[in-house]
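Numbering starts at 1 and runs along the sequence shown. In listed order, ligands and their atoms are each counted from 1.
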Amino acid sequence: MSRTPIIAGNWKMFKTISEAVSFFDAVKGKAEVAGVESVICAPFTNLPALVEAAKGTSIAIGAQNLHFEDNGAFTGEISGVMLKDLGVKYVLIGHSERRQYFAETDETVNKKVHAAIKHNLVPIVCIGEKLEEREAGTTKDVCKVQTEAALKGLSAAQVADIVIAYEPIWAIGTGKSSTSADAQEVICYVRSVVAELYDQATADAVRIQYGGSVKPENVTEYMSQADIDGALVGGASLEPNSYIALVEGAK
Ligand code: 13P
């Protein structure tokens, strides 16, 4: 089973609309490489302009969060209905910064995954261990619990189409990336968890990215690992030439 590599930029809370549009003008036609999927996950305010700019290109646009209800009295929240209405394709769910600073739990992550799928958005579900958990040797246990919780209630066909991003928290924004061998070991294990929960075909189909201090200089090394299907990139996705190099490096 061949899986299409996927590079996703997570801009976090960066870029105004005009900055987003000039970034897009600079990467258009360049961060579009045959055989690699290219995704920009931007702040909500930039999404309409980016969806418009992305028309006729192969670059997909994603959000960084959604609420699990379709609508209601949830001040400040954005739903899957609204994202679908905008023409967004992907949505990040359960990023560690949302788990850490905005009280997301395995349960809300699961509800959000269901909401995304209900509205034909592709969830990029983030999992990963804290430094203390890595040091205590519980990385795989933590990733197993998070994966099982996130996928609860999904069918095999639904799981085959989602993306999982393994991001060890200690490697995010620190410049301390996981070695490609370590990332491969954990991602291979997560794939085996999917195989246990579903079947081998589903495990072979689901795409699993690595994230945490990925840069143009190390992306190819990660991509050379059998189970790593792409990268979720923060800092190095903000500058056009760096983003283009990441997509090229994933070929
Ligand atoms: P950095 O690439 O800046 O380490 O961020 C990783 C990340 O959190 C992507 O979601």
Using a strict cut-off of less than 4.0 Å between a Lys/Arg side-chain nitrogen and an Asp/Glu carboxylate oxygen, indicate whether E248 and K30 qualify as a salt bridge.
->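 Here E248 does not pair with K30 in a salt bridge, since their nearest N and O are not under 4.0 Å apart.
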So among D161, T4, V122, which one has a side chain to side chain contact (heavy atoms under 4.5 Å, CB included) with R207?
->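 Going through D161, T4, V122 one by one, the side chain to side chain contact (heavy atoms under 4.5 Å, CB included) with R207 is satisfied by T4 alone.
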Shared hydrophobic cluster for I6 and Y222 (ILVMFWY, side-chain gaps under 4.5 Å) |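 No, no single cluster joins them.
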Could you please provide the protein residues found below 4.0 Å of ligand 1 on a heavy-atom basis, arranged by chain and number?
->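 Contacts of ligand 1 under 4.0 Å: N10, K12, H95, E167, A171, I172, G173, G212, S213, L232, V233, G234, G235.
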Does a side-chain heavy-atom distance below 4.5 Å link V193 with C143?
->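 A side-chain contact under 4.5 Å is absent here.
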Side chain proximity check, N218 to K215, heavy atoms < 4.5 angstrom | yes
Heavy-atom neighbours of F14 CZ exceed 12 at 6.0 Å | no
